[in-house]
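Report on one structure; see the data block that follows.
Predicted, not measured: the structure shown is a model, and the values here were computed from it. Every number for a ligand or one of its atoms is a count from 1 in the order of the listing.
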Amino acid sequence: MTINVAVIGAGPSGFYTVDALLKGEKDVRVDIIERLPTPFGLIRGGVAPDHQTTKKVARVYEKTALTDGVGYFGNVEVGRDVTIAELQEIYDAIVLAVGAPTDRKLGIPGDDKIGVYGSADFVGWYNGHPDFTDLDPDLNTQTVVVIGNGNVAVDIARVLVKTPEEMTETDLADHAADTIDASPIKDVYMVGRRGPIEAKFTNVELREMGKLEDCQPVIDPAQLPDEVEGDWSDRDRRLKERNLATMKEFPDVDPSGMSKRCHFTFYAKPVEVLGGDKVEGVRMEHTRVEDGRSVGTGEFFEIPCGLLIPAIGYFSAPFPGVPFDVDNGVVVHDDGRVGDGVYAVGWIKRGPTGVIGTNKPDGDTAATQIFEDIEDGTKPGREALETLLEERSVRTLSYADWQAIDAAEVAAAKPGAPRRKFVNVDEMIAVLD
Ligand code: NAP
């Protein structure tokens, strides 16, 4: 009998799982259940709008979605429209591929002031994610501080300082483009609590910061060591040497004609957000690295700013009906097996690290486990879910519905842009009505 599988979440980890299931030796029928009307998770809502090449991987996912045996239930939220317990009655296996949609908190005094936005919210806002369309950040400030030295921090800094011309061929949401273009931002500080060698950004992303039209990368050469020291794997050492070489070139960038600066500031950690209701600055403590960890020196300084964006990593929220490991921000699982026919892949399993392709092995593992654990399908699958959602009058979107939304976005694109994103669910559904 066919094994009926529900994959919750239409992001990379979900699609790699579907693909692995289809390639397996058993007969499967897979339904993707997605909370938003739009698929592709972080490809649409997380990957920077000016990184369109990265987003092309969605074409591979589209092929998977259109394969015989694959169903798509968009605009269906597990926990609101249907419970995990109900899905367990309907499907032989359920795969959680819901990612890590919330922000890790700074946890310092003042981090709840107006003008402090976590990276998940801020990136979601400029990417037109319906959850964050109304964030409405006040960008009427000359100085922004981004905390963190990961790729998300670099993405945010870059999107804030690129010129409108540099953003022409992007799908930056209209509301974000208008707000960023009107803002008087001149200085973006990207602050790492450790040093340039420990920074997590990758070299392609770092190099882009030295090639911007209107933004000079500013770095204190005294913070750059002569060479990469420390106990690194050969691969990591090579990556770090490349980053160090790139950073050493930054002081050579000719600043003439440039109106903005991105300051790469290392060895500093935030200790307090300053201001009244609204952020007016951030108090930082100088640090040094001991045994790979950042340790405060007891010396402090302040950076006045009107916007503070901690880009210090994402966090998974507890998923309704599934045991959750609050300390580590992942579901409780044994190599992806959650129990009772439930499996986990991607960031809800591993935590928020790795690039898009890192999710592929998770999908392979989940498919292997499902085929090991389930000899034969016994559950009714798709038709039973359709009936239940119809009874509840849930407006379910098919993959063809998403293709119609996609076509409408592409048709509405400004010259050079790949699409003009709809930024709320009603707008998306209106296309279909
Ligand atoms: P990340 O790579 O883990 O970087 C988080 C940064 O925040 C690190 O510099 C970390 O410092 C710092 N940090 C954490 N807690 C902090 C605190 N309390 N105070 C100050 N700093 C703190 O996370 P991410 O940038 O969110 O990226 C998530 C994943 O997505 C990464 O694997 C990334 O490579 C990937 N990604 C890739 C791309 C791309 O390929 N273009 C784009 C975006 C994201 P420590 O190192 O000291 O912990």
Check: Y61 ring centroid to Y16 ring centroid under 6.0 Å: yes
Winner among E208, R193, R194, K269 once heavy atoms are compared against atom 21 (N) of ligand 1: R193
For I147, atoms of ligand 1 separated by under 4.0 Å from a heavy atom: 20 (C), 21 (N)
D155 near ligand 1 by a heavy-atom separation under 4.0 Å: yes
Shortest reach to atom 4 (O) of ligand 1 by a heavy atom, considering only G150, G46, P310, G107: G150
Protein residue, atom and distance nearest to atom 41 (N) of ligand 1, heavy-atom basis: E205 OE2, 2.7 Å
Shortest protein contact, atom 25 (O) of ligand 1 (heavy atom only): V152 N, 3.1 Å
Nearest-contact summary for atom 8 (C) of ligand 1 - protein heavy atom, Å: N149 N, 3.9 Å
Proximal ligand 1 atoms for G313, defined as those under 4.0 Å from one of its heavy atoms: 26 (O)
Heavy-atom proximity to atom 28 (C) of ligand 1, best of A100, G357, P352: P352
Option set I312, N151, V271, criterion heavy-atom distance to atom 13 (N) of ligand 1, minimum: I312
salt_bridge(R158, D50) N-O dist < 4.0 Å: yes
Mutual orientation of the aromatic rings belonging to F15 and F40 [parallel < 30°, tilted 30-60°, perpendicular > 60°]: tilted
